Amino acid sequence: MERTELIQVLEAAILAADGPLSIERLLRLFEDNDAAPSRADVQSALHALEEACGQRGIELKLVASGYRFQVKQAIARQVARLWEERPPRYSRALLETLALIAYRQPITRGEIEDVRGVAVSSHIVKTLVEREWVQVVGHRDVPGRPALYATTKAFLDYFNLQSLDQLPSLKELQDIDAIHPSLDLGEQPADETPKEAEAEPASTADESVTDTRTKHQD
Amino acid sequence: MERTELIQVLEAAILAADGPLSIERLLRLFEDNDAAPSRADVQSALHALEEACGQRGIELKLVASGYRFQVKQAIARQVARLWEERPPRYSRALLETLALIAYRQPITRGEIEDVRGVAVSSHIVKTLVEREWVQVVGHRDVPGRPALYATTKAFLDYFNLQSLDQLPSLKELQDIDAIHPSLDLGEQPADETPKEAEAEPASTADESVTDTRTKHQD
Amino acid sequence: MGEQTTHPTVNIAGNQGEMPFAIVQGEPLTTPPTDLYIPPDALEVFLDAFEGPLDLLLYLIKRQNLNVLDIPIAAVTQQYMEYIEMMQAMRWELAAEYLVMAAMLAEIKSRMLLPRSVETEEEEDPRAELVRRLQEYEQFKQAAQDLDTLPRMERDLFAAHAVLPVIEQQKTEVPVELREVLLALKDVMSRAEMFTSHRVERETLSLRERMSQVLETLRKSEGFVEFTQLFSPDEGRLGVVVSFMAILELLKAHLIDLAQSEPFAPIYVKPAAPEASSGED
């Protein structure tokens, strides 16, 4: 198969698909083809496709479940005017629950409630499951066998991520020893964090927010 | 607005929209823009976009309600394989219709509906005819002159049968679970045929379901 | 629920007046209350603004720019209690979690007051557990905010799609097993209560097949077919009988007509229709 043709088919397939397409799925397009391209061919073609987007309004993006084309961020706001409806906003409760599932998975509802200090409404869990951001991956072997929740690839796709690694890192916990070194609590791992932590505990949180925001505004 | 940017926004908008976009709708994207492009600008940009597709897998198409990108015809077949993964299945309704035509031929759509108790969609009949499993062999001489359907040789070929005789009898069907999946039905002796065929050939063809039942009760 | 109304500003000191903290009767409250007095109308909004006791406590601590690691437990407890009492006075149904926290604070406070026994080494700071929970909660509160700022679909990102054109002569050759067809028939027959018949149907099928063949022959020849052409002697007597039965059957069903111009002249078979092949369906 000609490279030009390969690139065209890949472009068309990714655009025609309902969701991101993995390399495996793309390779299967050529399965019965006599001159089926190799994985390396496909990867190189995808690379070419990515570069060809330079002057275009869209870009090729690799997210958790594969490749998709998306509107370039620089012009997304302009394009967003197509839709009258405002994009959905999510409550703090939902986002906190989602964050706990993302960072602590697999996790039970009870464990989420322990951290948040309040009950998690079933409505929130239902919404997360219905959006296919979260799924039950098993049950904890304790009385009641509570469901264990984990995030899905669709969650990563939605947030433009390839893997959980790409989530913003959690703010470090500080040891109370930093204040009272005499009291050895023995619970938390005594790493090197306390020193930096001492510096300015409150501000780090705020800075990271601003960082992320400015990063994605341009 | 820069022409390059205009082209990018138009491309992104048409690709991001859920349906074709009219020029009016595209113009509205720039409504509050100080340097809003004119209609002529947009048209010329669309033209440029169209030409830029030369080497791509997609093309810009003007359909009744506006512009959309679609996969080029030449590679559409290849791209369509994306959806082949899940082999399509015929509906129960289609299989029942096919079975009734096989066992009760020649039969009209109305007669099929009588047995099934529900309307037979033209889509089903069309599919069976297109597949060349079923053909119209005549018309019943009643008002409306409904088409009479029968199975074809292609039907027999597909199911690896030499003749309809090799289909199990209705009675045997009751024990279908006992029938070997490969349906090696060719062993049945054919010599009793004439005698019993004589018995009452007419009734099955014309008379309604209930009639058949009452008449043939032993 | 909007961010503006739900996020108590984390960093309070000297950093006021950006976004309204809450809107009460149309008046924006840009500054979170610095003392304990909250306008009664604002109280509900205020409570709504918190995601629970940990969130409220965190707010109380941050508001005074205190270090989470070194909470002046007495002062914070007092403030917390005052909120709770006020809310109870307003007869709001407080989530049980708020009361549990009140009890926990009271306990820590009393333990802090107890004189330390020197012998017990490595005694835990009574606040340790609370501090751990506060920090942990803060961690995820922050993570949730970070998550919210990530570019995401529908809001910042839009997937690009092209449609697939109608593919010409695309034959969808759906595989079907005979067994499936038979099962379908079994179903429809049971529904139609056909199985009460004890007839053997095998013969009928060959008869029916022949009927279809005769009709097809007629259709293909587009008119008259000579009677004898419908028989093939090489099928033997059996085949001839079946063909004959089929023709009789078709005659009876008024699907064909026989025509003969004079006695002993060839018999012709034709479709019963006035016109041969018109108007299907």
Side-chain angles (χ1 to χ4, degrees), chain B residues 15-16 58 68-71 73 76-77 79-80 87-90 92 95-96 98-100 103 105-106 109 115-117 136-141 145-148 150 159 163-165 167-171 173-174 176 181 183 188 193-194 196-197 201-202 204-206 209 212-213 216-218, chain C residues 158-165 167-168 170 172-176 178-189 191-209 211-212 215-216 218-219 238 241-242 245 248-249 252-255 271-273 278-281:
Chain B
L15 280 168
I58 53 169
R68 73 169 178 218
F69 279 104
Q70 66 181 43
V71 174
Q73 193 77 51
R77 188 77 60 79
V79 171
R89 295 197 52 181
Y90 282 141
R92 200 72 183 164
L95 295 175
E96 286 183 9
L98 178 60
L100 278 169
Y103 277 79
Q105 57 190 288
R109 196 156 135 183
V115 179
R116 291 197 57 231
V136 175
V137 289
H139 294 265
R140 200 179 285 299
D141 199 13
R145 298 188 36 76
L148 282 163
F159 291 107
S163 75
L164 286 175
D165 286 357
L167 287 174
S169 69
L170 285 185
K171 190 158 187 281
L173 267 185
Q174 290 180 87
I176 187 165
L183 276 165
Q188 278 148 25
T193 315
E196 287 171 39
T204 32
D206 265 13
V209 174
T212 324
R213 184 179 44 189
H216 299 290
Q217 265 167 354
D218 304 11
Chain C
F158 306 98
H161 285 295
V163 296
L164 202 63
I167 298 171
E168 286 156 11
Q170 183 197 21
T172 36
E173 297 279 275
V174 181
V176 177
L178 183 54
R179 190 179 173 78
E180 280 184 77
V181 179
L182 297 177
L183 282 168
L185 182 69
K186 188 189 171 197
D187 278 5
V188 70
M189 289 313 208
R191 283 212 310 276
E193 294 177 36
M194 294 282 293
F195 280 132
T196 42
S197 160
H198 290 272
R199 246 163 63 86
V200 179
E201 300 256 344
R202 202 182 309 129
E203 315 63 45
T204 331
L205 271 182
S206 66
L207 178 65
R208 292 194 161 271
E209 186 170 34
M211 284 164 67
S212 293
L215 285 173
E216 198 191 340
L218 287 179
R219 191 175 56 87
L238 208 75
V241 170
V242 173
M245 300 285 310
L248 290 182
E249 177 77 17
K252 190 179 173 194
H254 304 293
L255 291 170
S278 69
E280 300 175 4
D281 268 346

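All chains are named by letter (A, B, ...) in the order of the sequence lines, taking the proteins before the strands, and each is independently numbered beginning at 1. Everything numeric here is computed off the predicted structure, so don't read it as measured data.
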Margin query: Please give me the minimum heavy-atom distance between B:Leu167 and C:Leu178, naming the atom from each residue.
Written below: CD2-CD1, 3.8 Å
Next item on the list: Verify, without hydrogens or angle tests, whether B:Gln70 (side chain) and C:Ala162 (backbone) share a donor-acceptor contact under 3.5 angstrom.
Entry: no
Next item on the list: Using modelled atom types only, decide if a donor and an acceptor are shared between the side chain of C:Arg208 and the backbone of B:Gln105 within a distance under 3.5 Å.
Entry: yes
Margin query: Rounded at 0.5 Å granularity, tell me how far NE2 in C:His161 sits from CG in B:Leu15.
Written below: 9.5 Å
Checklist line | Side chains of B:Tyr103 and C:Leu182 in contact at under 4.5 Å (non-hydrogen atoms) | finding: yes
Item checked: Stepwise side-chain contact (heavy atoms from CB on, under 4.5 Å) check, B:Val71 with C:Val163 -> CA-CA 6 Å; B:Val71 174; C:Val163 296; over 6 Å; no
Next item on the list: Over all heavy atoms of both residues, which pair between B:Glu96 and C:Ala184 is shortest? Give the atoms and the distance, please.
Entry: CG-O, 3.4 Å
Checklist line | Closest contact, heavy atoms only, C:Leu164 versus B:Ala76 | finding: CD1-O, 4.1 Å
Notebook entry, point to check: Step by step, would you call B:Asp141 with C:Leu255 a side-chain contact (heavy atoms from CB on, under 4.5 Å)?
Noted result: CA-CA 6 Å; B:Asp141 199 13; C:Leu255 291 170; over 6 Å; no
Next item on the list: Please report the closest heavy-atom contact between C:Ser212 and B:Pro106, naming both atoms and the distance.
Entry: OG-N, 4.0 Å
Next item on the list: Please round to the nearest 0.5 Å and tell me the distance separating atom CG of B:Leu98 and atom CD of C:Glu180.
Entry: 10.5 Å
Next item on the list: Compare every heavy atom of C:Arg219 with every heavy atom of B:Val136, then report the nearest pair and how far apart it is.
Entry: O-NE, 2.8 Å
Check: Looking at B:Arg92 and C:Leu183, what are the two nearest heavy atoms and their distance?
Finding: NH2-O, 3.3 Å
Check: Is any side-chain heavy atom of C:Val181 closer than 4.5 Å to a side-chain heavy atom of B:Phe159?
Finding: yes
Note to self: Measuring only between side-chain heavy atoms, which start at C-beta, is C:Pro271 closer than 4.5 Å to B:His139?
What the structure shows: no
Next item on the list: Heavy-atom pairs under 4.5 Å with chain C are the metric here; pick the option from B:Leu100, B:Val79, B:Ile58 that has the most.
Entry: B:Leu100
